[in-house]
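Worth knowing before you read on, the calculation uses all heavy atoms, side chains too, and leaves out hydrogens, waters and symmetry mates. Numbers here simply count residues along the sequence, with the first being 1.
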Amino acid sequence: MPADPSEDNNAAEGIAAPPVPDRADAPEARVDPAVLQTNVTCSRGFPQWLAMHNCALAFTSYQTGQLFLVGTLPNGSLSLHQRNFVRAMGLIGDAQRLLLAGLAQIWRFENVLAPNERANEHFDRLYVPRRGQTVSDLDVHELGIDAAGRLLFVNTKYSCLATDSVAHSFKPVWRPPFISRLAPEDRCHLNGLAMENGVPRFVTSVSTSDIVDGWREHRRDGGVVVDIETDEIVAEGLSMPHSPRLHDGALWFLDSGNGFLTRLDLESRARERVAFCPGFLRGLSFHDGHALVGLSLARREGVFSGLNLQDELERRKAEAWCGLQIVNTANGDIVEWLRLEGGIKELFDVRVLPGVRCPMALPTFGPELASFITIEAPDQPLSERGWKPA
């Protein structure tokens with residue numbers, strides 16, 4: 001099938017790919033290209049790792065408002081495709097669908113390519129925006145889909161887990177036991193969601209504060225992981241934890257303010273620091289015995305100041321950096337990496353797209369989307385008169 005050409009994508013040759021910002025999806029998203037000029041480098045084996053493990057990656061940067069899709073070209077070099085979204089945050093997806101949280105909408109993208117089709121000759125997935133659910137500015141962080149197909153999201157502004165509504169901005173589903181009422185006050189900075197077989201199981205929170213913006217005073221060691229089913233706190237004393245995930249019989253999360261990928265045994269409650277990554281960690285996904293972790297620069301001011309991470313970096317004689325690291329979950333070794341230097345300094349979410357080789361996406365606004373039309377095959381030939389009105 002014909003695919004709309006994308007002049008904005010950036011397919012890396014070899015291991016370096018300086019991305020060129022594409023057209024913004026809305027007037028308020030426009031940015032100065034000089035500000036976003038970023039050099040992208042990766043370890044020598046990074047493209048080969050993706051090809052060998054039959055997957056691609058998606059990650060977001062809320063700081064610059066971008067979605068990145070990373071894959072490999074037929075010649076084995078790296079493909080890096082990007083789109084602009086105001087405050088791109090939580091991300092979930094697979095070979096067919098992506099869901100992305102933005103400033104006021106949660107976007108659903110669908111792949112329109114059949115297995116034998118390619119867009120622009122080498123893209124095997126073309127994600128097209130098909131729905132934008134307006135939830136307003138709730139500071140939506142991570143997303144999930146339950147067994148009934150219902151969208152769930154971490155409503156950070158109102159300190160609760162929520163779902164979308166036909167008529168309203170959101171419908172509350174659950175709130176932590178330490179939050180006394182729903183209020184637009186970001187009391188505890190609820191941020192991460194772990195799903196298990198279509199059921200929401202765990203969330204991460206920077207604190208158990210029940211007062212407006214109270215979490216900021218507890219960033220160093222007030223973080224918790226909460227069991228949604230029992231309201232029990234299963235881990236505490238953490239520093240700004242993010243990205244809880246159930247994997248291989250254990251609960252994993254990012255102890256972000258300390259810089260560690262951490263594994264929690266749910267029976268013994270024993271915690272293991274699996275790997276130190278040099279950055280403020282957000283975004284975690286698993287594939288073939290590996291964890292893919294997102295790293296951001298640790299700013300010395302604001303919410304990043306005063307964290308143990310800076311002490312740990314100095315002890316290791318290291319500097320924080322922004323990018324992705326692939327960690328062997330068996331021994332904590334960093335096996336491959338991708339690094340961003342320049343305008344992009346902070347990432348939020350990271351997802352593996354299994355079975356995808358080289359993905360791209362269309363924007364949610366503008367002539368590219370307006371002129372791109374696909375038609376689903378009818379249930380029966382239109383010449384047949386089998387349809388009857390209800």
Side-chain angles (χ1 to χ4, degrees), residues 19 21 31 35-43 46 57-68 70 80 82 84-91 100-103 139-142 154 156 189 191-192 204-206 215-216 219-220 223 238-245 252-262 273 275-285 291-314 316 318-327 334 336-351:
V31 290
V35 174
L36 291 186
Q37 186 61 40
T38 299
N39 184 51
V40 181
T41 56
C42 65
S43 56
F46 189 88
L57 305 177
F59 65 93
T60 58
S61 170
Y62 72 93
Q63 171 234 347
T64 56
Q66 290 174 305
L67 166 69
F68 291 88
V70 185
L80 183 64
Q82 65 184 73
N84 291 348
F85 296 91
V86 181
R87 195 172 171 79
M89 294 279 283
L91 178 71
L100 170 68
L103 175 65
D139 197 14
V140 173
H141 276 52
E142 291 199 331
V154 177
T156 301
H189 205 66
N191 58 52
T204 47
S205 178
V206 172
W215 61 273
R216 293 180 185 274
R219 294 171 293 111
R220 192 175 180 92
L238 308 172
S239 182
M240 300 189 72
H242 283 78
S243 311
R245 307 284 185 260
W252 299 67
F253 58 88
L254 302 175
D255 194 2
S256 307
N258 289 313
F260 287 95
L261 168 65
T262 304
R273 288 178 164 177
F276 175 78
C277 302
F280 187 86
L281 309 183
R282 277 178 303 211
L284 175 62
S285 194
L292 290 95
V293 181
L295 293 78
S296 297
L297 294 185
R299 289 179 271 124
R300 295 176 182 267
E301 70 281 354
V303 298
F304 292 95
S305 64
L307 301 178
N308 293 325
L309 173 60
Q310 191 58 47
D311 296 335
E312 188 68 24
L313 287 168
E314 291 175 1
R316 295 171 180 261
E319 292 290 334
W321 52 277
C322 178
L324 307 177
Q325 291 190 345
I326 302 177
V327 183
I334 311 299
E336 303 293 349
W337 51 265
L338 181 145
R339 186 166 183 169
L340 307 171
E341 295 177 287
I344 300 172
K345 302 180 186 300
E346 296 182 24
L347 306 183
F348 183 77
D349 213 349
V350 179
R351 296 290 174 169

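Phe276 has its side chain within reach of Leu309: a pair of non-hydrogen atoms, C-beta onward, lies under 4.5 Å apart. Inter-residue side-chain proximity for Trp321 and Glu341 is flagged as unmet; no heavy-atom pair is nearer than 4.5 Å. Counting heavy atoms from C-beta outward, Arg220 and Asn308 have side chains that approach closer than 4.5 Å.
Judged by distance alone, the side chain of Thr204 and the main-chain N or O of Gly192 form a donor-acceptor pair under 3.5 Å. Side-chain atoms of Ser256 do not come within 3.5 Å of backbone N or O of Arg282 as any donor-acceptor pair. Using a distance-only test at 3.5 Å, with no hydrogens or angles considered, a donor-acceptor pair links the side chain of Asn191 to the main chain of Pro241. No donor-acceptor pair closer than 3.5 Å links the side chain of Ser61 to the backbone N or O of Gln66.
Heavy-atom minimum distance, Leu297 versus Glu346: O-CG, 4.5 Å. Nearest heavy atom pair, residue Ser239 against residue Arg219, reads OG-O, 3.0 Å. When all heavy atoms of Phe253 and Leu238 are compared, the closest pair comes out as CE1-CD1, 3.6 Å.
If you run side chain to side chain contact (heavy atoms under 4.5 Å, CB included) between Val327 and each of Leu292, Leu284, Val293, only Val293 comes through.
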- Going through the checks in order, is the side-chain contact (heavy atoms from CB on, under 4.5 Å) test met by Met89 and Val140? CA-CA 7 Å; Met89 294 279 283; Val140 173; over 6 Å; no
Just do the side-chain contact (heavy atoms from CB on, under 4.5 Å) check on Leu347 and Cys322 with the steps written out, would you?
CA-CA 7 Å; Leu347 306 183; Cys322 178; 3.8 Å; yes
> For His242 and His141, what are the C-alpha separation, side-chain angles and deciding distance, and is it a ring pair (Phe, Tyr, Trp, His ring centres under 6.0 Å)?
Replying inline: CA-CA 10 Å; His242 283 78; His141 276 52; 7.1 Å; no
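Phe59 and Phe68 have parallel rings, their planes meeting at less than 30° on a 0 to 90° scale where 60° marks the start of perpendicular.
Of the N and O atoms on the side chains of Ser43 and Glu336, at least one donor lies less than 3.5 Å from an acceptor on the other residue.
When the side chain to side chain donor-acceptor pair (under 3.5 Å) test is applied to Thr60, no partner is found at least two apart in sequence or on another chain.
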